[in-house]
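Remarks on the structure that follows.
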Amino acid sequence: MVINTQSPRVLERRKLLVQLMLASHPDSCLVCDKGNQCQLRKLGTEMGIGLVTLQRIPQLVAIEEANPFIERDLSKCILCAKCIRADQELVVEGAIDYIGRGFSAKPATLNDMPLEQSECTFCGTCVAHCPTGALMEKERAYHGTATKTVDTVCPFCGCGCILHLEVKDNQIVRAKPGESPVNHGTLCARGSYGYDFIQSPERLTAPLVKVDGEFQEASWEEAISRVAAEFKRLKQEHGADSLAVLGSSKCTNEENYLLQRLARVTLGTNNIDNGSRLYSSASRVGLGQSIGFPGTTNSLEELEKSEVIMVIGANPVISAPAVGYAIKRAARYNSAKLLLVDVRPTKLNPFANIWLKPRVGTDVVLLNGLARVIIEERLFDEEFVARKTDNFDELSQSLKPYTLEQVEKVTGVPGQDVQRAARTLAGAEWASIVYGNGITQNVNGVDSVMALANLAMLTGNIERRGGGIFALQRENNAQGASDMGSLPDFLPGYQSLDDGQARSDFEKRWGNNLPSKAGLSAMEMMEQAQAGKLKGMLIVGENPAASFPRPSLIRKALSSLEFLVAADMFLTETAKLADVVLPSASFAEKDGTFTNFEGRTQPVRKAIEPVGSCRPDWKIILQLSKEMGQSMPYSSLHEVMNEIEELLPFYQRPASADLEKEDVDWAELESDSVRTRRLYKGPFPSGFGRLSPAEYAPPTEPSGNGYPLTLLSGSVLHHFGSGTRSLRSSRLKEFSPSSWLEISRDDAKNLGLGDGDPVRVASPVGELTTTVRVANSLPSGLLFMPISFPDSPASELFDIKLDPRSKAPSLKSCAVRLERIKP
Amino acid sequence: MTRTKKVTKATLKKIDTIIGNYQGQRWGLIPLLHDVQQAVGYIPPESIPSIASGLGLFPSQVQGVISFYTQFYTEPRGKNIVRVCRGTACHVRGGKTILKLVKQELGLEEGETSPDMEYTLETVACIGVCALAPNIVINQETHGNLNPKKVARLFEGKRKK
């Protein structure tokens, strides 16, 4: 069949239709923000429509939006429904649909309320898809038409969405969603509107050196030579292990690789770690032991095709929005069954088929209960278990005590629900398990992860396309930073320090002996600093004084160092304590690669020149190493990536060996580009998966004892991490300026609290003040507090008790009491 | 959507039972809305979120469907529905004046319902009995060949105003 779209008759009709649209469209093209990108204008131009001769029908609609992100001007709406489809089919939020019909039809929220009073999350996807100026970005810092565009990777969460940055006059004009298998033309509020921290007036523009307790601007040469001299002195006087380096899960792979080389070769210590220690080390340890690969096993596209999706200890709608969108799409449009395990209802609840609410900290028991049902009822994939895993007998032996009655007693989840969930999970051809910080940051984190891996292996969901384990990462390059060996006990690519062969490979390559003793992990560095054993530290792109537990203690520890260097974009809580502060370039000002939570390695591209005299961290590292007498032989980032590919088993290009496999992804091989490369290639690098018994350790500080409430901490949609960047993004800050505490209706009533009332929250170790928000959905006895506001840091309430295996503190829940502050 | 009366708990419960009959069935939206309207007389906007979640739709979608069809109402309606014809034939024969008179009689504007829930005043485009124009329809009954006197008689005694 031939469909003619350009015949004279068709063109005539189309022309009339466009003329009719223009007749009811305001003549504001000259000042319209969509400008040259307006598709209505483009169509009009293409068809040679000049002045519209039809009678004009002016649409007089007032623009009334109080939010700082989106401006709706419905007089420019052409009723194409792209915003509605973006909302319902891509991000699956359902905030808008048509209301009315005929002339009065328009896209509207429920009850035609303003966006800020609706379900809208301000993800900006509709704005990007709107062909005219009906939906526009509001309150931009810089207006202008882009002169160039750059595709790069979003610097916030671990999803790794492609950002399409529009640039003019060395400023970012706009961020739009790029097309990629991760985000499919969607973004979240952080990605769409959070980029303006780059242009924040608080950006550091020159190196700062502390003289008599005051910061003074210095030249790069002065600052670097001061750092080099101090580090050399400390190394000489106290040995290499008196120095430590904290790398960043926000820096590129190349930077982390160089940073660990700096620590291991130039400084000569394994005291190197990165910020993801706090939230993903349980994953690393647990998955490493079970499936032999410390990360996600499948791609987001495969997640979307799963028949059953289990989400546990994660609120992907907030912590990893692209994953949240994929899960919602799967549930609504692919009829995937959603099995939700969370004590707090989330925005996924309307999509869930089964919702289990285990008591805080009892996930292991529930997961073991599920595994027991699956084994008991022989629902497991016998062939897979027999051929690809070992330790089955030991596992089933260890599950004996986890009867339905016992599980119900400990977790509070009714036995029949456990049974139903187990059958659902095991009954699917493809089932996926998505977990996040609710698992990894909780007590028993490592055991919970292993219990999840057991479930995936028992149901045979490791090697299948469409089924697997999805370990969400909080930050953009958490996976990459660890892959690159910014870890105290692993060389790049998780090659053990004890592995003589691996060590000698690196020693040969770097021409130096490597320290063999495992170094200090992030929290141990703070302990040693406090004890006076650690003398000097280099912190790149991390803000432990705000993001680590007990910031007040961390600040004390960092202050007791003899010499602290911070490389950051802002004068953060940590940088304020430093002796030298080196101004770093932002993500938009440098090249490199980020590895997202899936293991997809994607290129970060420079869009603008660094602000002031800022330099990308990799240049800082190279210069510092040179100044210390160990110049690293790289002339470009490309050379660094080549070395990474050569030495890291995971990062190797698809090799010829892959060609022998049956299901070779030809597109991937042919393009051979970094962008499409994924790290996990097939099941069990070691050949088999290990079913590992997971043990439950009851919480040591049960509620009661004067601390009757349980506080959960977590992230919120319009901020990120400890807020270093998001609180400096003017629009995000305006929308959500300060912290709050969510409290259940019952508890609020008992304590006589209402919205906006100030309260003091106290735990056995710390206290803070904030204001109350009553949340209908929260069960009584639970409180929730966002972690993104350093002014009232939720992390102050958590005790520093390290899990012996992951060396990470439990940061998800603690017992607290609440006091009303009398006005 | 201004409301005069708040919807009662009993009504919402009645609606929940109806939703239960269509649980998870997206195709059932329009029959469900009819059922609700039959049982309650209108579709309370408060019930939109629960209708949506029962069927696996978004509240905005449900609102979209309700607002698209003129026979779905989101406000309570009177016991008697008065429809004044505004079709061409009626207009030519003075339909506009008839509407004005009915408005005066009932003390209502188009689309309004009297506070005592007795009358709802609406207009229609044509009711198909142009030969008898001008017409009005009260509930199921058509009244034709109207003049001011007849209009006054129609509502005599029925309105205490």
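Here the structure is a predicted model, which is why all the values come from computation and not from measurement.
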Worksheet item: Shortest non-hydrogen contact from A/G100 to B/S67?
Response: N-OG, 2.7 Å
Practice prompt. Kindly say whether A/T109 contributes a backbone atom to a donor-acceptor pair with the side chain of B/S60 at under 3.5 angstrom?
Written response: no
Item to complete: Step by step, work out the side chain to side chain contact (heavy atoms under 4.5 Å, CB included) result for A/R332 and B/F58.
Response: CA-CA 10 Å; A/R332 179 126 302 177; B/F58 298 117; 3.3 Å; yes
Worksheet item: If you round to the nearest 0.5 Å, how far is CD of B/Q61 from CD1 of A/I96?
Response: 11.0 Å
Discussion item. Is it true that, when you exclude A/Q416 itself, more than 12 heavy atoms of the residues, nucleotides or ligands shown sit nearer than 6.0 Å to its CD?
Written reply: no
Worksheet entry | Residues, nucleotides or ligands: over 12 heavy atoms within 6.0 Å of A/R101 CZ | yes
Discussion item. Other residues, nucleotides and ligands only: do more than 12 of their heavy atoms fall within 6.0 Å of CD on B/Q38?
Written reply: no
Worksheet item: Counting only heavy atoms not in B/H143, do more than 12 sit closer than 6.0 Å to its NE2 atom?
Response: yes
Fill in: Under 4.5 Å from any heavy atom of chain B - which part of A/E119
neither
Item to complete: Return yes when atom CZ of A/R745 has more than 12 non-hydrogen atoms of other residues, nucleotides or ligands closer than 6.0 Å, and no otherwise.
Response: no
Practice prompt. Flag yes if more than 12 heavy atoms outside B/Y69 fall under 6.0 Å of its OH atom; otherwise flag no.
Written response: no
Discussion item. Need one label for B/L57: side chain, backbone, both or neither, based on atoms under 4.5 Å from any heavy atom in chain A.
Written reply: backbone
Discussion item. With a sphere of 6.0 Å drawn around NZ of B/K150, does it hold more than 12 non-hydrogen atoms of other residues, nucleotides or ligands?
Written reply: yes
Worksheet item: Contact part of A/A105 toward chain B, heavy-atom cut-off under 4.5 Å: side chain, backbone, both or neither?
Response: neither
Worksheet item: Counting N and O atoms only, with roles assigned by atom type, does the side chain of B/Q63 sit under 3.5 Å from a partner on the main chain of A/I99, one being a donor and the other an acceptor?
Response: no
Worksheet, complete the sentence: Cut-off 4.5 Å, heavy atoms of chain B, and the answer for A/L110 is both
Worksheet, complete the sentence: Scored by heavy-atom pairs under 4.5 Å with chain B, the best of A/V92, A/I84, A/D112 is A/V92
